[in-house]
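Report on the following structure.
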Amino acid sequence: LMQGATLPPDAMISLHPACIGGFVGVISSALALLPIGNTDGGRIALAMFGRRGTYVVSIFTTAMLCGAGIFGLDSVNILLTYTLCALLWQRELEIP
């Protein structure tokens, strides 16, 4: 590309596999930090807010993610899919 040139919106850019792997790692780390259930974010919320506060934060986060998935703010539905999987398999908090 020349300096100042722009690509059309449908242009394909070839990326190195390490770049794709890094992007997937960033997305998976960001999802793990959401305060839902027994994820890393859930453990952080448990340490910060206690059990009752963690329950409230988890319900709020789940509602926001489901709303984003249902009302089309997430075009690939990764938030809705992750929320449903976390609700099914990681719904209980850890016992201290």
Side-chain angles (χ1 to χ4, degrees):
L1 288 175
M2 294 175 31
Q3 186 175 3
T6 59
L7 291 174
D10 59 345
M12 294 290 289
I13 299 174
S14 61
L15 294 175
H16 193 272
C19 179
I20 296 170
F23 179 73
V24 169
V26 165
I27 295 297
S28 66
S29 294
L31 289 174
L33 286 174
L34 290 172
I36 299 174
N38 205 6
T39 60
D40 291 338
R43 292 178 183 146
I44 292 170
L46 183 63
M48 289 178 63
F49 304 120
R51 287 198 177 275
R52 189 168 300 193
T54 300
Y55 181 73
V56 171
V57 169
S58 179
I59 293 296
F60 179 73
T61 304
T62 302
M64 294 298 290
L65 291 176
C66 286
I70 290 171
F71 295 117
L73 299 175
D74 179 23
S75 61
V76 293
N77 289 330
I78 193 168
L79 294 176
L80 187 61
T81 304
Y82 180 76
T83 303
L84 293 176
C85 289
L87 285 177
L88 289 175
W89 289 299
Q90 298 183 359
R91 70 179 91 172
E92 297 178 6
L93 295 175
E94 286 188 8
I95 299 172

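Atoms considered below: every heavy atom in the structure, side chains included; atoms not considered: hydrogens, waters and symmetry mates.
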Is there a chain of hydrophobic side chains (I, L, V, M, F, W, Y, each step under 4.5 Å between heavy atoms) that links [X] to [Y]?
{"X": "L34", "Y": "I78", "value": "yes"}
{"X": "V26", "Y": "L15", "value": "no"}
{"X": "L88", "Y": "L80", "value": "no"}
{"X": "L46", "Y": "F60", "value": "no"}
{"X": "W89", "Y": "I36", "value": "no"}

Check: Y82 and I27 side chains under 4.5 Å, non-hydrogen atoms: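 When only atoms from C-beta onward are counted, Y82 and I27 do not touch, as no gap falls below 4.5 Å.
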Would you name the heavy atoms of S58 and G37 that are closest together and state the gap between them?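 Result for this residue pair: OG-N, 4.0 Å.
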Minimum heavy-atom distance N77-G69, with the two atoms named: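 Minimum heavy-atom contact is OD1-O, 3.6 Å.
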May I ask you to decide if T62's main-chain N or O and T83's side chain share a donor-acceptor pair within less than 3.5 Å?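 Not confirmed, T83 side chain does not pair with T62 backbone.
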Are any side-chain N or O atoms of S28 and backbone N or O atoms of G25, one a donor and one an acceptor, separated by less than 3.5 Å?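 Present.
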Give the other cluster members for V57, using side-chain heavy-atom distances under 4.5 Å between Ile, Leu, Val, Met, Phe, Trp and Tyr residues; answer none if it is isolated.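 In the cluster with V57 are L33, I44, M48, F49.
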